[in-house]
Amino acid sequence: MSTEENPAAAPRSLAEALRGRDDVSLAALLRSRPDLITPVPTDLTQLATRAGTRASVVRALERLDRFTLQTAQALAVASDPATYDELLGLMAGDDGDLAVSAALPHALGTLRAQALVWGGDDRLRLVRTARELLAPSPQHPSPTGLGPTVREAGAGISPGRIQELLATAGLPSTHDSVSALNALAGLFDDPERMSALLDQAPSESVEVLERLVWGPPYGQVTADPAPRLRWLLDRGLLLPTAPGTVVLPREVALRLRAGRAHRTTEPVPPPVEAAAAHRPQLVDATAAGQAYTALATVEELLKDWHEGGPAVLRAGGLSVRDLKRTAVALDVPEPVAAFWVELAYAAGLLASDGEADERYAATPAYDEWRERPAGERWARLATAWLAATRTPGLVGERDAKDRTLSALGPGLDRSAAPEVRHRVLALLAGLPEGAAPDAGSLLARLRWERPPRADRTGGGAPSPYARRAPAQPAEGTRGVAARAGGPGAPGYPADGASGAGGEDDLRSRLARWTLAEAEMLGVTGRGALSSHGRALIGAPPAPRHADTRTEPAGPGDKLPVHHRQTPVPPALSPAEQATAAAAAGRLLDPLLPEPLDHVLLQADLTAVAPGPLERPLADMLGVLADVESKGGATVYRFTPASVRRALDAGQSAADLHAFLAAHSRTPVPQPLAYLIDDVARRHGHLRVGAASSYVRCDDDAVLNEILADRRAAGLGLRRLAPTVLAARTDPAALLEGLRAMGFAPAAESAEGDVLIARADAYRTPPRTPPEPVPDGPPVPDDTLLAAAIRAVRAGDLASTAPRRPVAGAADTAPGELPRTTAAETLAGLQAAVLTNDTLWIGYVNAEGGASQRVIAPIRVEGGFVTAYDHTADEVRTYPLHRITGVAEIAE
């Protein structure tokens with residue numbers, strides 16, 4: 001039987017409405033609003049109370065899509081309670097709107113599921129806190145642009161003035177102000193009488209109404225209003241709210257709007273349109289190339305910090321100078337360098353060492369990561385990027401305390417970042433295979449799914465995909481309006497915005513940064529989602545586009561979207577994300593280039609690597625030569641310094657010749673062979689040790705040359721023997737000084753052996769990757785939901801079950817614990833054991849917390865009662881002295 005047929009069955013409160021839900025509906029509510037389950041409420045009354053708190057309602061409203069939010073805003077200006085037909089009229093208008101009519105049941109169902117609306121279709125009620133947040137007031141204008149009702153606006157008007165309004169409007173006088181205001185409101189609600197009244201209005205007065213009708217509804221008047229305003233004031237079409245301020249009553253505005261609460265309604269989400277289409281094979285190949293570049297860039301970054309990276313600032317993070325040096329080393333702009341540094345940090349490959357002189361360095365996990373297959377290495381980076389709340393695009397901006405935000409420093413976490421990244425990629429997955437999105441339509445879709453704060457509080461701009469009301473003059477008045485935030489910031493990585501636009505502006509910027517970062521990381525190629533990127537988010541295979549073109553005709557060519565977009569895939573659990581990442585890595589592996597075991601030596605002392613090199617070859621070549629240029633092919637240049645570096649690492653000239661001959665597809669050029677032999681001949685001819693330090697050489701003429709050189713003055717050299725010079729500087733400074741003079745000295749140990757100057761890899765202690773900052777409480781899993789619902793149901797049974805006090809017990813007020821004497825408690829429990837009855841008890845735990853429970857006693861002995869606790873759904877033992885009293889459950 002429906003609530004219309006049986007009004008007594010209609011819920012009288014939100015708690016009663018929740019009590020009528022099944023477990024599936026409650027689980028959906030707790031999953032969508034996880035703050036309601038932290039901690040688990042004791043019963044459904046407490047759950048309803050928590051669902052109506054301001055913080056929880058604000059969080060729930062912020063997660064509504066635009067049309068559902070507009071439905072809640074319409075309910076806030078409707079009568080309380082409202083009927084479904086009244087709500088439909090506010091949303092669709094007097095003329096009706098088929099799209100709105102079709103979408104409204106789903107939007108209302110969402111509000112009910114979120115516990116923001118309760119009651120049947122004949123008595124719809126918006127929770128009180130939501131009504132307070134969304135209803136219009138002078139301090140907080142409604143997004144609908146509506147003002148107060150006639151009853152609200154006329155509450156402060158004198159009775160005599162109200163009777164004058166009735167007489168001027170042609171209404172009979174009444175005995176009190178309440179009925180007078182009701183009569184005036186009835187006039188404005190009547191279409192025929194309202195039309196007749198407006199037909200009498202001067203054109204100037206109608207222009208005033210047209211300026212106020214879509215909001216803001218407030219305006220300023222002088223002490224002696226103009227005739228066009230006086231005509232409106234005398235008939236109650238404008239009502240005074242304060243000295244010099246008038247308002248357009250809600251009933252008048254709705255009649256002028258043809259019944260619509262919103263000037264613009266958006267029942268259908270705007271589609272994400274394709275800006276260009278590419279062959280899927282081209283997209284995957286491009287994305288794979290970017291993925292390989294990403295792996296190489298991260299390796300190059302950590303190789304540059306191999307012996308210990310830059311120092312950690314006192315406040316945390318990289319200094320501006322160190323970020324610039326890193327950008328130069330990676331040959332990328334500084335914002336892009338910040339992205340790679342943050343990505344390595346998020347993946348757990350980079351951290352601070354925690355020493356007194358704290359520096360950044362690779363972690364032990366980096367060595368393990370390097371040994372994994374390329375697909376697995378990329379999957380780890382991509383997964384870390386998807387889940388990270390740190391936002392590299394904010395580097396260089398200022399926080400609320402006007403401090404510069406630095407890479408790897410505090411203040412970069414934005415809890416919305418993972419959600420926005422997933423939504424952007426999920427929307428790309430809904431496009432045909434190989435289709436690149438139009439950024440404007442993508443941002444419009446995201447704004448519909450999560451409206452900016454300006455649209456929740458008024459002042460938002462209409463979307464081009466919106467359903468518009470019948471044509472009305474543009475708004476424009478001297479009234480008080482709520483201003484929307486400024487325009488969005490430019491896209492990543494060249495983003496110079498200050499970030500003052502707030503969280504709503506940040507969401508648009510996060511979306512732009514996601515598009516750029518996904519391209520750099522190889523998740524997308526040419527703007528389209530790749531096959532391994534699709535697998536990364538667990539999306540199904542993409543549909544093929546009906547258009548046969550593989551490339552757009554020009555930069556502005558847009559492909560029409562006639563296909564039905566695929567459903568957006570939901571967010572994955574951690575286990576599902578790990579499985580999806582492994583699948584993405586397997587898809588990427590065949591697309592990556594195979595490592596090469598050779599280079600091409602050239603006569604100009606360079607070597608060309610036509611592709612990625614095998615790791616031993618790349619490591620050795622990185623010591624023997626300097627990287628001159630990177631790209632599709634890497635060019636290495638041999639110099640005396642680079643050859644000496646290889647000799648310092650323990651290689652001999654013969655080793656270098658053999659290495660080049662084994663790994664070159666071209667003969668070793670004669671200039672390169674001469675360079676190696678020449679540097680090797682001079683290498684180690686001088687020996688440097690510690691005296692403080694000394695120089696030893698068998699050729700005293702070379703020592704004489706050193707002493708005669710002016711550049712040696714700062715070294716503090718003096719001759720100890722024909723073949724030995726002593727110096728006041730340490731061995732490292734002496735080595736650098738002699739090398740700057742053109743010599744090739746070698747360091748030696750205390751035993752006189754040549755020291756091999758191979759730098760050991762510096763690693764931090766084991767570190768865990770940074771934990772993402774959650775956006776509110778985590779979503780509970782199915783096990784926790786089932787246990788929580790069982791506990792809430794049992795607690796609700798304990799609090800609502802009819803009670804029959806035991807003989808001699810005092811009456812218990814609703815909500816209070818039962819109170820009986822110790823003898824009465826013991827007698828009641830013993831009787832329940834014999835009769836297998838269920839009792840309601842009050843219990844105080846060891847911490848002093850009081851609760852009520854429904855138990856079925858099993859035995860009473862030794863000062864304890866063992867019983868099945870319906871509240872906890874398990875057998876428990878309770879000390880008798882902690883039971884405040886007992887009461888029987890009524891039949």
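Since the model is a prediction, treat every value here as computed from it, not as a measurement. Counting from 1, the numbers follow the sequence of the chain as shown.
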Query - Matching residue for L238 among V247, L212, V252, V221 - test: side chain to side chain contact (heavy atoms under 4.5 Å, CB included) - result: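 Testing each of V247, L212, V252, V221 against L238, the sole residue satisfying side chain to side chain contact (heavy atoms under 4.5 Å, CB included) is L212.
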Can a donor-acceptor pair be found, under 3.5 Å and without considering hydrogens, that links the side chain of [X] to the backbone of [Y]?
X: T53; Y: R50; value: yes
X: R445; Y: L427; value: no
X: R421; Y: T514; value: no
X: E16; Y: R12; value: yes
X: S441; Y: E273; value: yes
X: R447; Y: S508; value: no
X: T129; Y: G52; value: yes
X: R250; Y: G147; value: yes
X: T391; Y: G393; value: no
X: S32; Y: A28; value: yes

Can you tell whether the side chains of [X] and [Y] come within less than 4.0 Å, N to carboxylate O?
X: E397; Y: R509; result: yes
X: R255; Y: E251; result: no
X: D121; Y: R112; result: yes

Considering all heavy atoms of both residues, which atom of [X] and which atom of [Y] are nearest to each other, and what is their separation?
X: L18; Y: L26; result: O-CD2, 4.3 Å
X: L69; Y: P451; result: CD2-CG, 4.1 Å
X: R423; Y: L446; result: CB-CD2, 3.9 Å
X: E266; Y: Q70; result: N-OE1, 3.2 Å
X: W448; Y: V268; result: NE1-O, 3.9 Å
X: A275; Y: P437; result: CB-O, 3.7 Å

Gap separating the [atom1] atom of [X] from the [atom2] atom of [Y], nearest 0.5 angstrom:
X: L198; Y: L237; atom1: CG; atom2: CG; value: 6.5 Å
X: S205; Y: R230; atom1: OG; atom2: CZ; value: 11.5 Å
X: L126; Y: L14; atom1: CG; atom2: CG; value: 11.0 Å
X: S79; Y: R125; atom1: OG; atom2: CZ; value: 9.5 Å
X: L209; Y: E204; atom1: CG; atom2: CD; value: 12.0 Å
X: L90; Y: T144; atom1: CG; atom2: OG1; value: 9.0 Å

Report task. Report the C-alpha separation of L232 and L248 in whole Å, then their side-chain angles, then the decisive distance to 0.1 Å, and conclude whether the side-chain contact (heavy atoms from CB on, under 4.5 Å) test is met. Result -> CA-CA 10 Å; L232 298 172; L248 181 69; over 6 Å; no
Query raised in the report: Under the salt bridge (charged side-chain N to carboxylate O under 4.0 Å, His left out) test, which residues partner R123, sequence neighbours left out?
Result: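 Here no residue qualifies.
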Requested in this report: Return the set of residues passing salt bridge (charged side-chain N to carboxylate O under 4.0 Å, His left out) with E419 (not counting sequence neighbours), or none when no residue passes.
Outcome: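 For E419, the residues satisfying salt bridge (charged side-chain N to carboxylate O under 4.0 Å, His left out) (neighbours in sequence not counted) are R450, R507.
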Just so I know, are the side chains of [X] and [Y] near enough to count as touching, which here means a heavy-atom distance under 4.5 Å?
X: S56; Y: L36; value: yes
X: M91; Y: F67; value: yes
X: R54; Y: L133; value: yes
X: L443; Y: R512; value: yes
X: R257; Y: L146; value: yes
X: L75; Y: L116; value: no
X: T264; Y: W214; value: no
X: L510; Y: V424; value: no

**Report entry** Test item: side-chain donor near acceptor, R19 and T45, under 3.5 Å
**Finding:**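 There is such a pair between these side chains.
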Query raised in the report: Checking side-chain contact (heavy atoms from CB on, under 4.5 Å) for the pair Y84/L104: CA distance, chi angles, key distance, verdict?
Result: CA-CA 10 Å; Y84 181 83; L104 186 59; 3.8 Å; yes
Query - D97 and R260: CA distance, side-chain angles, deciding distance, side-chain contact (heavy atoms from CB on, under 4.5 Å) verdict - result: CA-CA 11 Å; D97 188 322; R260 285 179 176 267; 3.6 Å; yes
Requested in this report: Please lay out, stage by stage, how Q114 and R33 fare under the test side-chain contact (heavy atoms from CB on, under 4.5 Å).
Outcome: CA-CA 7 Å; Q114 295 276 323; R33 297 178 65 179; 3.5 Å; yes
Query raised in the report: Does D224 CG have over 12 foreign heavy atoms under 6.0 Å away?
Result: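 No - once you tally the heavy atoms of other residues, nucleotides and ligands closer than 6.0 Å, there are 12 at most.
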